[in-house]
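Each residue takes its place number in the sequence, starting with 1.
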Amino acid sequence: MAQCIRTLNPSKILKVELSPINQTFPPLSSSCKTTPKRKKFPTISASIMSSQQPPLSLEALTSSDHRDEVMGAIRSSLYNCLSETNLHLTVPGLKSKTRGKVRDIYDGGDYLVLVTTDRQSAFDRILASIPFKGQVLNETSLWWFNNTQHITPNAIVSAPDKNVTIAKKCSVFPVEFVVRGYVTGSTDTSLWTVYKSGVRNYCGNVLPNGLVKNQRLSTNILTPTTKAADHDVPVTPQEIIQRGLMSQADYDEASRKALSLFAYGQRVALEHGLILVDTKYEFGKGCDGTVLLIDEVHTPDSSRYWIAHSYEERFQNGLEPENVDKEFLRLWFKDHCNPYDDEVLPDAPEELVSELAWRYVFHVICTFLNSCLIK
């Protein structure tokens with residue numbers, strides 16, 4: 001199966017240097033087998049930054065020597081994005097397709113084949129397709145999956161294509177574990193939106209009066225949501241247990257892991273000049289009862305990132321933090337339409353789409369991971 005999908009999308013894949021994948025996709029079978037050995041996923045070749053490098057900034061991003069070259073590749077791929085796949089029609093062994101907001105998920109028996117597309121989701125809708133985004137998300141997640149195994153095991157088996165991950169099938173908890181370190185956001189379920197509306201107890205967290213937008217919380221908090229079909233719904237830990245969404249033991253384990261993953265992610269991000277503001281995790285239960293990390297980890301899609309060195313000054317002056325995620329695209333849609341209620345949304349401007357692709361490719365991979373994706 002891996003050989004069948006290796007050339008999934010060759011015309012748009014950026015050239016990267018990856019070390020060989022040390023674990024191959026095992027043959028499909030009806031039995032449930034565990035693999036206790038530590039997995040090794042593709043490692044993006046690193047070029048470590050000098051300690052004398054100036055602080056990370058958006059200005060540095062826009063003045064990079066590679067920007068013109070990368071933007072040229074991005075613009076030429078604006079109409080060649082990986083927006084839809086139908087592997088179940090051509091790959092033997094794939095039984096069905098489930099279309100998520102960003103990922104196309106194929107049932108392969110004991111395994112799932114997850115194709116990360118270039119679709120851009122926000123406000124529970126697809127806003128645009130972003131060149132190379134799927135590749136960036138997939139390979140960023142693989143890096144984090146590999147580097148967080150000291151916190152939690154995960155469901156990853158292998159990655160036969162730059163947009164594809166093969167994972168063990170597990171029973172997915174119908175809860176997203178959203179962890180937040182700051183009062184911010186623009187969506188209906190964001191902490192700042194609900195806080196400014198007067199809410200002071202959110203998902204079981206008591207919030208003090210007097211907080212302002214983009215302020216750091218005194219401690220990281222967990223604000224879980226249910227995985228609804230078209231809109232995530234905030235829920236308290238007590239409601240999760242009472243509604244039978246998770247057992248108390250499973251919820252306690254997953255919540256501990258989520259907070260530990262977030263603390264580790266914040267520490268790594270800060271070492272690279274970034275603030276990990278908030279993110280979401282998903283977990284499932286393997287056939288042996290193990291709680292596994294699934295889906296994606298600390299990607300620019302599932303997470304909010306700010307530039308660290310300019311945050312405090314901008315916060316004190318009432319300015320928005322320099323962000324390196326999709327927030328600026330969210331804000332554009334909020335300024336030009338009602339992204340929740342309008343039946344038809346305007347097309348995202350090409351310059352915004354290109355800028356978001358640039359931030360995904362160059363900032364998150366080249367700077368954040370101390371690596372260079374472009375060759």
Side-chain angles (χ1 to χ4, degrees), residues 98-103 105 112 114 116 119-126 137 140-141 144-145 148 151-156 165 167 170-182 184-194 199 202-205 217 220-266 276-286 291-305 325-327 330 340:
T98 301
R99 188 180 190 272
K101 295 175 183 176
V102 175
R103 288 168 182 79
I105 305 170
L112 296 176
L114 300 95
T116 307
R119 297 192 293 263
Q120 184 67 57
S121 170
F123 308 107
D124 302 309
R125 304 179 69 165
I126 304 302
L137 296 187
T140 300
S141 278
W144 281 107
F145 277 123
T148 56
I151 298 174
T152 179
N154 58 67
I156 306 305
T165 291
C170 59
S171 177
V172 178
F173 297 124
V175 174
E176 290 189 348
F177 288 76
V178 181
V179 186
R180 307 177 187 274
Y182 293 76
T184 193
S186 58
T187 64
D188 284 354
T189 57
S190 71
L191 190 54
W192 173 244
T193 300
V194 298
V199 174
Y202 189 52
C203 300
N205 301 283
L217 295 165
N220 296 329
I221 63 172
L222 184 62
T223 60
T225 65
T226 58
K227 286 173 59 64
D230 36 349
H231 192 65
D232 297 337
V233 180
V235 63
T236 67
Q238 292 76 17
E239 290 171 333
I240 291 173
I241 309 305
Q242 291 170 359
R243 292 164 58 180
L245 302 178
M246 298 179 70
S247 69
Q248 185 70 61
D250 287 341
Y251 175 80
D252 290 344
E253 180 177 352
S255 60
R256 284 195 303 269
K257 288 180 174 181
L259 290 168
S260 295
L261 286 165
F262 189 68
Y264 176 73
Q266 284 188 312
L276 176 58
V277 179
D278 49 46
T279 193
K280 64 97 177 171
Y281 306 102
E282 295 188 42
F283 296 93
K285 207 165 192 176
V291 174
L292 302 173
L293 180 64
I294 64 171
D295 195 50
E296 62 182 323
V297 189
H298 298 162
T299 70
D301 238 26
S302 66
S303 313
R304 194 188 315 270
Y305 286 105
D325 49 51
K326 61 183 179 182
E327 181 67 10
R330 286 194 195 102
Y340 285 111

Enquirer: Drop me the distance from Thr225's OG1 to Glu176's CD, to the nearest 0.5 angstrom.
Expert: 4.5 Å

Enquirer: Determine the minimum heavy-atom distance between Val175 and Pro224, stating which atoms define it.
Expert: CG1-CB, 3.9 Å

Enquirer: When you compare the side chain of Thr152 with that of Glu253, does any pair of heavy atoms fall below 4.5 Å?
Expert: no

Enquirer: How about Phe283 and Tyr251: are their ring centres within less than 6.0 Å of each other?
Expert: no

Enquirer: With Arg256, which residues qualify under side chain to side chain donor-acceptor pair (under 3.5 Å), at least two apart?
Expert: none

Enquirer: Show the nearest heavy-atom pair for residues Pro234 and Tyr202, with the distance to one decimal.
Expert: CG-OH, 3.3 Å

Enquirer: So which atom in Val277 and which in Thr184 form the shortest heavy-atom distance, rounded to 0.1 Å?
Expert: CG1-CG2, 3.7 Å

Enquirer: Just checking His298 against Tyr281, ring centres under 6.0 Å apart?
Expert: yes

Enquirer: When rounded to the nearest 0.5 angstrom, what is the spacing between CZ in Phe177 and CG in Leu293?
Expert: 11.0 Å

Enquirer: Does a side-chain heavy-atom distance below 4.5 Å link Leu191 with Asp278?
Expert: no

Enquirer: Minimum heavy-atom separation for Thr193 to Thr187, with atom names?
Expert: OG1-O, 2.8 Å

Enquirer: In Å and rounded to the nearest 0.5 Å, what is the OG to CD distance from Ser303 to Glu296?
Expert: 7.5 Å

Enquirer: With Thr226 as reference, evaluate Ile240, Leu245, Asp232 under the side-chain contact (heavy atoms from CB on, under 4.5 Å) test and give the passing residue.
Expert: Leu245

Enquirer: Is any side-chain heavy atom of Arg103 closer than 4.5 Å to a side-chain heavy atom of Thr98?
Expert: no

Enquirer: Give, for atom CD of Gln120 and atom CZ of Arg125, the distance between the pair rounded to the nearest 0.5 Å.
Expert: 14.0 Å

Enquirer: Atom CZ in Arg119, atom OG1 in Thr116: separation rounded to 0.5 Å?
Expert: 9.5 Å

Enquirer: Between Ser247 and Asp250 (side chain of the first, backbone of the second, donor and acceptor by atom type, cut-off under 3.5 Å), is there such a pair?
Expert: yes

Enquirer: One pair to check against side chain to side chain contact (heavy atoms under 4.5 Å, CB included): Trp144 and Thr299. What are the steps and the verdict?
Expert: CA-CA 9 Å; Trp144 281 107; Thr299 70; 5.9 Å; no

Enquirer: Please lay out, stage by stage, how Arg330 and Ser186 fare under the test side chain to side chain donor-acceptor pair (under 3.5 Å).
Expert: CA-CA 8 Å; Arg330 286 194 195 102; Ser186 58; 5.0 Å; no

Enquirer: Report yes if the side chains of Leu276 and Tyr305 come closer than 4.5 Å at any heavy-atom pair, otherwise no.
Expert: yes

Enquirer: Would you compute the distance between atom OG of Ser171 and atom CG of Leu292 and round it to the nearest 0.5 angstrom?
Expert: 10.5 Å

Enquirer: Do you know the tightest heavy-atom contact between Gln266 and Gly181?
Expert: NE2-CA, 4.5 Å

Enquirer: Looking at every heavy atom in both Val297 and Ser302, which two are closest together, and how far apart are they?
Expert: C-OG, 4.4 Å

Enquirer: Quick check against the 3.5 Å criterion: does Thr165 have a side-chain atom that pairs as donor or acceptor with the backbone of Leu114?
Expert: no

Enquirer: Mind checking what makes salt bridge (Lys or Arg N to Asp or Glu O under 4.0 Å) contact with Arg243, not counting sequence neighbours?
Expert: none

Enquirer: Short question: side chain of Tyr340, backbone of Asp188 - any donor-acceptor pair under 3.5 Å?
Expert: yes

